[in-house]
Amino acid sequence: MATHDIPPDDPADDPDANYDYGSDSVERPDLVADLRALVDGDVRFDSYTRQLYATDASIYEVLPVGVVFPTSTADVAAVVEYCVEGGIPVLPRGGGTSLAGQTVNEAVVLDFKHDMDGFVGFDPAKETARAQAGITLAELNDELAAHGLKYAPDPAWGDKSVLGGAIGNNSTGAHSLVYEKADGYLESVEVVLADGTVTTFGWVDTDDLAGLADSDGDLEARIYAEVRRLLDEEADEIRERFPDLKRNVSGFNYDRLLEDAEERGEVNVARLLAGSEGTLGIVTEAEVSLEPVPEETAVAMLTYDDVIDAMRDVAPILEHDPSAVEVMDDVFLDLARDTDEFRDVVDLLPEGTDSTLLVEFYADTPEAARQQVADLVADRLPTATPAGDPAEDAPDVTDDPVHAVDVLEAYDDDRQAHFWKMRKAGLPILLSRTSDEKHWPYIEDTAIPAEHLADYVEDFREILDDLDTFASYYAHAGPGVLHIRPLLNLKEAEGVAKMEEIADRVTDLVVEYGGSVSGEHGDGRARTQWNRKFYGDELWDSFRQTKATFDPDWILNPGQVCGDEAGESDMTQNLRFDPNYEFDAGFDPALNWDNENGFRGMTELCHGCAGCTGYQETTGGVMCPTYRAADEEVLSTRGRANMLRSAMNGNLPDDPLDDEFLHEVMDLCVGCKGCKLDCPSGVDMAKLKTEVKHAHHQEDGVSLLDRVFGHTEDLLKLGSAFAPVSNWVTSLPGADTLAEKTVGIAAERDLPEFQRETLRKWFDKRGGSTISEPAADRKVLLLPDPYTNYSKVDVGKAAVRVLEAAGVHVEIPDDVGDSGRPAYSRGLVNRTRETARENVAVLAPRVRDGWDLVYVEPSDAVMLQSDYLDLLSGDDVESVAANAYGVCEYLDGFRLDEGAGFDASGESLAYHGHCHQKAEQRDHHAVGILRRAGYDVEPLDSTCCGMAGSFGYEAEHYSMSQAIGDILVGQLGASDAETVVAPGSSCRTQLGERDDVDVDGEPPHPVEKLAEAL
């Protein structure tokens, strides 16, 4: 079985590690002991783990009994068998991406994503694949890519959500105009029934049902008897009450069962399990049929003055047979514009754009794809000139009025991917508000026939106007599934009441227009309440009979689809935020927080979308490196944010400043800042960690290790002053062990080599810049960070030579110390603020005199560009921030290389960028200038190197540092490049110490390769 690429050893197994992903407070230890004796997988009932699994991507929060991480179907069966005897509910869970609350419950949670994530095999003759329930859809499709096939359902978060979840939710996605829901691809499933029985459900001839069904037999026989009852007794009611839509995932999947029986003469109980949300059985493995991967795709982004105009255009657009039609309205676009990751895409839209329709086509050739877009544009916006030519004999497909204003086209993969990434990040973008009012998901996936969409949206608006609120409209307009998320404050009783009234009235609208209350996200806690109204009493009672047949003791995820054993279901219960919610950080924030609600708003910002839980090979990006190394929920940005909020609102009775919380939750954040960009909501966990660490220092004092690494400049200055003796001392036998025992620096690490001649001394000795100030077009203060000045001097020398070759006058000031980055990374906010204040006082007047500020080290450049603004306020710091650059950013941004005379040999480089620059979207500059210098550059889509400043030097974090580094080393191993380059000194140190990286010493900084090319 193939699994995603994580290191074989758990970093927590290192004897020096001071974490185990949980707390010491364990609930129901007897139950834990019993389960551990039954299963091979891990069993955790500690307070941290329970809180981590209390939420998903919905508005709900329910504390589970505990969590089991099964490694096999036998583990699952053992847990179910034990729990049914004890009357303990059981909940199967995958990626925790559910939006209706169906993956939180007071139950024993089975986490399938952690270990049961294998790809079992591919059958070329049948064009089917078999995989375990915990495999992500992206990993599944990676396994199939070589065969030109794919698993077709494509929910937006398919690189984080898993196959079992897709089946449990009966998922589909943006391309449901072409493909079916998950049920349409189910061939068979291995399933654990409610009594612990393991069986397989697949195709059965309807004529054979009688021989399998026995209402007095074992559980499987009773299930087949229930299937016979549905076909014999409920067929007319199913035809009458189920909507005639491809996109209905509400209630149990009776309509698919009946359709298969009538069209194929067969039934498949696996397809009845689809959409049952883990209430009928627990799928552990599935065989699914596949679809060919389309040869070509093309995208047209039509723009509109109003979302109603866009809705009116959907039906005529469908006449052109698109593969997808997605809508984004003004609320969505305005929020995306305020998000760093998507601002550039939104800025491409014509001024005044209110809404857009993203229309995608599948085609066999690039020419055919362009023609399909051209045909669409000729029909829907005849005044525009498309990139391709419409078919000469193309008929007038529609005679509807023209509503579109403009069109953007995308044919290359990168441009299309960016458009799609913005659309798929819809929910997190909407929930990027840090106010108490948020766009909540609870009635957001109704499905309405396309011809009624405009009327439906107008009626929906009237409901919202009546209740003095508004919503955003986006998502799958083609199949009529609009994600409509009203803006409400659920911390107020009035907001909760409005939520329920909106859901009630919208359900009436859905019935009126022949739609579905859930076209995508399922029933869960949000919509189960409305299934009786939607389907009627007879089918509601039938749902409950089906549930009772499959699960006689009502232990499988009770409460979803048809209520619990008592029939109860209330969408207003178990809300994550409700009128009783309280928040107390326990300290006063020390940093500047310019978002609404400040520190509290940022702490409450994460809503659980799981954007941080993708793997490197399928999701890419930086976030979240420790999660990717160990596959532990607490190490994701979502996990840390949930834990921090829970510790501050009282749900987790722990002090967020105590040692256990810091070791298990906060200290394992490497401060890479990846979440600042990669999290679509913009949860800034690195900044949150700094606040918590600072508060801890204020309460308990500063540890020796924090003092040592917080004073990096002083230590390196001292080492340089005594070089080469200092280098000899640190290399003595036993010196590494002494450093670990006294300070906490990992014995496995090599300490920096100190240079007697610092960069400043070298520069003064050479007589300063070779380019005079009057002769230069620009003048730069090259600000040496401690490593460049005292240890990595050659990098600084290369930067000087390259800047001068570009015609820049360079000075290295003596009156500016380090940027404060080392102290800031240790949470020493007061010390860092004083450093920043001193530096700004010196630099601001120089900036006003026309000097630019340049760093060789990316993290120091970002310190001035971004972090200083969190420490100080005023015109001076803003001026310093606006005029600070990394060296490659500076050269590329002002195109200073054009006169430098670079002439590289075409050497191939694998470029590993720095996390902080990636977070600020400044990392691309090095790639651009290296390519123009003549190098063949492959930029790696990599996460943190694992060193992360001082993190990788700490003995307790060494194993985690290496595990993160393994991911990068794997990417380098897959690259054909001759040389790896990296701008970060930590990255170069990490790679230079690895035996499995082919480098002589340390990899070069990009500016060193530029110097070579002069």
Side-chain angles (χ1 to χ4, degrees), residues 755 759 762-763 766 768-772 775-780 782-785 787-788 791-812 852 854-858 860-861 885-914 917-918 922-940 942 945 972 975-985 987-989 991-992 997-1014:
Q755 302 297 321
L759 180 63
W762 169 82
F763 189 74
R766 81 195 285 260
S769 182
T770 61
I771 304 295
S772 68
D777 294 328
R778 304 188 73 89
K779 51 186 181 179
V780 155
L782 184 64
L783 306 173
D785 63 277
Y787 280 96
T788 303
S791 180
K792 317 290 186 181
V793 176
D794 286 344
V795 178
K797 293 177 182 179
V800 171
R801 290 197 295 270
V802 171
L803 286 167
E804 291 178 340
V808 177
H809 173 69
V810 179
E811 283 192 12
I812 299 180
D852 300 317
V854 172
Y855 273 101
V856 171
E857 178 61 32
D860 287 84
Y885 307 91
V887 63
C888 291
E889 173 192 1
Y890 184 68
L891 292 164
D892 182 56
F894 293 105
R895 285 298 194 269
L896 299 179
D897 58 304
E898 292 176 356
F902 293 123
D903 185 19
S905 61
E907 179 184 0
S908 59
L909 307 177
Y911 174 75
H912 167 63
H914 195 280
Q917 285 190 320
K918 289 179 180 179
R922 300 171 186 264
D923 183 56
H924 61 281
H925 294 288
V927 176
I929 196 168
L930 285 168
R931 284 174 173 167
R932 291 201 303 278
Y935 291 106
D936 179 12
V937 185
E938 176 192 356
L940 300 176
S942 52
C945 69
L972 291 173
S975 171
D976 294 327
E978 302 166 65
T979 306
V980 57
V981 295
S985 59
C987 309
R988 300 196 303 278
T989 298
L991 293 172
V997 178
D998 185 17
V999 293
D1000 183 13
E1002 291 184 359
H1005 188 293
V1007 78
E1008 292 182 281
K1009 300 305 293 184
L1010 291 175
E1012 284 183 22
L1014 288 173

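The backbone N or O of Asp936 lies less than 3.5 Å from no partner atom in the side chain of Arg931, so there is not a single donor-acceptor pair. Gln917 places no side-chain N or O within 3.5 Å of a backbone atom of Pro858 that could act as its donor or acceptor partner. Remark: side-chain polar atoms of His1005 are paired, donor with acceptor, to backbone N or O of Val856 under 3.5 angstrom. A distance-only check finds a donor-acceptor pair linking the side chain of Asp785 to the backbone of Thr788 [under 3.5 Å].
Residues Pro1004 and Val981 are in side-chain contact: their nearest non-hydrogen atoms beyond the backbone lie under 4.5 Å apart. Inter-residue side-chain proximity for Val887 and Val802 is flagged as unmet; no heavy-atom pair is nearer than 4.5 Å. For the pair Trp762 and Val800, the minimum side-chain heavy-atom distance is below 4.5 Å. Leu891 has its side chain within reach of Leu1010: a pair of non-hydrogen atoms, C-beta onward, lies under 4.5 Å apart. No side-chain heavy atom of Ser908 sits less than 4.5 Å from a side-chain heavy atom of Asp976. His925 is not listed as a side-chain neighbour of Pro1006, based on a closest heavy-atom distance of 4.5 Å or more. Side-chain contact between Glu1002 and Leu991 is absent, with no heavy atoms from C-beta onward closer than 4.5 Å. Annotation: side chain of Val810 is not in contact with side chain of Ile771 (no heavy-atom distance under 4.5 Å).
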**Request:** Could you go through the side chain to side chain contact (heavy atoms under 4.5 Å, CB included) check for Glu1012 and Tyr935 one step at a time?
**Result:** CA-CA 11 Å; Glu1012 284 183 22; Tyr935 291 106; 4.0 Å; yes
**Glu857 vs Lys792, salt bridge (charged side-chain N to carboxylate O under 4.0 Å, His left out): CA-CA, chis, key distance, verdict** = CA-CA 10 Å; Glu857 178 61 32; Lys792 317 290 186 181; over 6 Å; no
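Remark: Leu930 CG to Lys1009 NZ distance equals 9.5 Å, nearest 0.5 Å. One distance of note links CG of Asp897 with CZ of Phe902; it measures 6.0 Å at 0.5 Å rounding. Atoms OG and CG, from Ser985 and Asp860 in turn, are 8.0 Å apart once rounded to the nearest 0.5 Å. His914 contributes atom NE2, which lies 13.0 Å from atom SG of Cys888 (distance to the nearest 0.5 angstrom). Distance check: Leu782 CG to Ile812 CD1 gives 5.0 Å after rounding to the nearest 0.5 Å. Distance check, rounded to the nearest 0.5 Å: OH of Tyr911 to NE2 of His924 gives 10.0 Å.
Nearest heavy atom pair, residue Ser975 against residue Glu938, reads OG-OE1, 2.6 Å. Closest non-hydrogen pair, Tyr890 versus Asp852, comes out as OH-OD2, 2.6 Å. Among all heavy-atom pairs drawn from Ala1011 and Ala798, the shortest one is CB-CB, 3.8 Å. Nearest heavy-atom pair, Ala977 versus Ala910, reported as atom, atom and distance to 0.1 Å: CB-N, 3.4 Å. Closest of all the heavy-atom pairs between Gly934 and Ala904 is C-CB, 3.7 Å. The shortest non-hydrogen separation linking Ala799 to Val1007 is CA-CG2, 3.7 Å.
Ring planes of Phe894 and Tyr885: perpendicular class, angle over 60° (limits at 30 and 60°).
At a threshold of 4.0 Å, the pair Arg932-Asp892 counts as salt-bridged, since one of the basic side-chain nitrogens sits closer than that to a carboxylate oxygen.
Residues Glu811 and Ser769 bring no donor and acceptor atom of their side chains to less than 3.5 Å of each other.
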